[in-house]
There are 2 protein chains.
Amino acid sequence: MQNLTTKQEAILSAIRQHIRNTGQSPTVREIGQAVNLKSSCSVQKQIESLERAGRLRRSSFKYRSIEIIGEHSQQSHIIDTLVIPLLGRVAGGNPIEALQESDPELISLPTSLLPRVDQNRQKKSCDEQNFSKVELFGLRVVGRSMIDVGIDDGDLVIARQQSSAQNGDIVVALVEDNEATVKKYYREADRIRLQPANDAFLPIYSRDVRILGKVALSIKQF
Amino acid sequence: MQNLTTKQEAILSAIRQHIRNTGQSPTVREIGQAVNLKSSCSVQKQIESLERAGRLRRSSFKYRSIEIIGEHSQQSHIIDTLVIPLLGRVAGGNPIEALQESDPELISLPTSLLPRVDQNRQKKSCDEQNFSKVELFGLRVVGRSMIDVGIDDGDLVIARQQSSAQNGDIVVALVEDNEATVKKYYREADRIRLQPANDAFLPIYSRDVRILGKVALSIKQF
DNA sequence: TGAGAGATCAAACAGTTGTTTGATTTATTT
DNA sequence: AAATAAATCAAACAACTGTTTGATCTCTCA
């Protein structure tokens with residue numbers, strides 16, 4: 001990391017601040033105003049220096065396209081983020097569908113933590129662009145029936161919406177009485193077993209289980 | 001929500017798509033090209049209609065400043081997000097300081113999940129703008145010593161950096177042999193007890209414990 | 001002191017973009 | 001069918017912005 005002149009440091013700082021304040025990079029003249037350079041050309045030269053020094057990049061010939069290199073730009077992380085609706089509570093509550101209609105709280109999580117999402121389904125909705133299509137959804141857990149896998153009362157679980165599951169998957173399921181619950185899924189001869197992860201709880205046996213999703217993540221707040 | 005003409009729907013869709021693809025809103029002429037309107041004025045008129053209908057807003061007289069009203073803009077969620085460095089692994093690894101120097105993986109998490117962060121410390125760095133000051137940090141857990149509080153091998157814990165703790169807090173601590181570990185913190189008469197949450201593990205007693213942070217969140221991936 | 005390099009300046013140029021103008025086309029109403 | 005309204009068009013205008021030009025200033029070094 002080379003030494004920069006104080007003027008160049010001031011320019012970098014002005015760019016950072018402008019991006020932070022307005023969400024976009026400044027123009028050459030805005031930089032000039034910020035660092036007290038009267039001519040846009042002076043700024044231009046300094047910017048070229050900073051580019052040669054590898055501290056800046058202009059992504060194209062468009063306006064306001066200066067990026068600062070080597071610092072974590074907001075962009076890079078934001079892009080890899082998915083917005084997930086928090087649909088309600090499970091185990092002892094209402095079915096999830098009822099909760100979908102309202103205006104759910106939203107949280108954004110980095111894709112690096114989340115399971116792969118089917119690219120086609122994402123693409124398909126690119127035009128219509130309801131971009132938090134409920135592919136992933138969050139639920140607040142009530143009860144301690146899954147304590148042995150580390151899911152406790154009050155934890156947040158993020159599930160991927162799917163209607164089938166494999167043995168051993170932790171699923172969000174809807175049982176006969178329209179109650180949503182988080183359990184381990186096992187298909188038996190003529191029925192489904194929803195197995196708690198807590199010896200104090202008994203499994204639920206049912207032929208009429210609707211899988212809402214597979215738990216991908218659980219988040220515990222201390 | 002009023003009815004819109006098909007042309008107006010097409011324009012809204014084109015704007016959404018352009019914002020999604022490029023991160024900024026389209027120009028009048030780009031919209032025209034997308035919806036097959038030859039004159040920029042035609043687009044202008046349609047945009048004015050959409051503004052009157054309350055579906056669009058132009059935040060200023062600047063270029064590329066169209067916003068779509070009533071849909072969850074990326075912005076609103078992004079703003080409430082903190083970028084957190086993943087510093088390494090705990091329990092049986094190197095001390096955290098050694099890992100800070102390198103180029104850590106980063107994840108962004110919504111502030112709604114995170115503990116309150118001291119506003120002053122945030123403000124102070126506004127000018128200098130090293131904006132992921134290590135206020136919060138993430139660690140990957142190795143070992144099962146905290147299984148009874150739901151922290152398992154491979155889980156991600158997010159901790160808030162602090163150098164003291166209260167009894168019962170789950171902390172990231174550095175013990176004598178420079179080993180970072182996650183344990184429950186108890187101050188005893190003349191020593192610190194670092195208590196695992198697993199009967200198969202014994203507590204660590206030490207007079208020389210350095211607290212690195214308090215665990216605020218744990219994230220489990222299934 | 002003086003020559004040269006670098007920084008800065010005012011000014012102008014060119015491309016992009018929002019906006020306006022006036023004519024033409026299309027749709028709707030009478 | 002005639003008239004009115006709405007939509008669309010090509011063209012031009014003006015503001016913004018990146019870039020270039022040529023002159024002026026400042027500093028360093030011989």
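Owing to the predicted nature of the structure, the values given are computational and were not obtained by experimental measurement. In what follows, chains are A, B, ... by sequence order, proteins preceding strands, each numbered from 1. Both backbone and side-chain heavy atoms feed into the values below; hydrogens, waters and symmetry mates do not.
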> If you measure from OG on Ser39(A) to CD on Gln44(A), what distance do you get to the nearest 0.5 Å?
Replying inline: 9.0 Å
>> In this structure, how many angstroms lie between the P atom of dT17(D) and the OH atom of Tyr63(A), rounded?
In response: 8 Å
> To the nearest Å, how far apart are Ile47(A) CD1 and dT8(C) C1'?
Replying inline: 15 Å
> Rounded to the nearest Å, what distance is computed from the NZ atom of residue Lys45(B) to the C1' atom of nucleotide dT26(C)?
Replying inline: 17 Å
> Separation of Arg58(B) atom CZ from dC16(D) atom P, in whole Å?
Replying inline: 16 Å
>> Of the listed nucleotides (dT19(D), dT20(C), dT8(C)), which one gets closest to any side-chain atom of Lys7(A)?
In response: dT8(C)
> For Gln33(A), does the CD atom have more than 12 heavy-atom neighbours from other residues, nucleotides or ligands under 6.0 Å away?
Replying inline: no
> CD of Glu30(B) versus P of dT16(C): gap in Å, rounded?
Replying inline: 11 Å
>> Classify Arg29(A) by what it touches in the nucleic acid, base, sugar-phosphate, or nothing, heavy-atom distance under 4.0 Å.
In response: base
> Between the side chains of Thr181(B) and Lys183(B), does any donor sit under 3.5 Å from an acceptor?
Replying inline: yes
> Between Arg64(B) and Glu30(B), is the closest basic N to carboxylate O distance under 4.0 Å?
Replying inline: yes
> Does a side-chain N or O from Arg64(B) land closer than 4.0 Å to OP1 or OP2 of dT17(C), or not?
Replying inline: yes
>> With a 4.0 Å cutoff (strictly under), does any side-chain N or O of Gln46(B) reach OP1 or OP2 of dT8(D)?
In response: yes
>> If the cut-off is 4.0 Å, is Gln44(A) near the phosphate of dG18(D), judged by side-chain N/O to OP1 or OP2?
In response: no
>> I need the CD-P distance between Glu48(A) and dA7(C), as an integer number of Å.
In response: 11 Å
>> What residues from residues 31-43 of chain A pass a heavy-atom cutoff of under 4.0 Å to DNA chain C?
In response: Leu37(A), Lys38(A), Ser39(A), Ser40(A), Cys41(A), Ser42(A)
> dG15(C) C1' sits how many Å from Lys62(A) NZ, rounded?
Replying inline: 11 Å
> So, for Ile31(B) and Pro26(B), which heavy atoms are closest and what is the spacing to 0.1 Å?
Replying inline: CG1-CG, 3.5 Å
> Under 4.0 Å between a Lys/Arg side-chain N and an Asp/Glu carboxylate O for Arg144(B) and Asp152(B)?
Replying inline: yes
> Under 4.0 Å between a Lys/Arg side-chain N and an Asp/Glu carboxylate O for Arg57(B) and Glu51(B)?
Replying inline: no
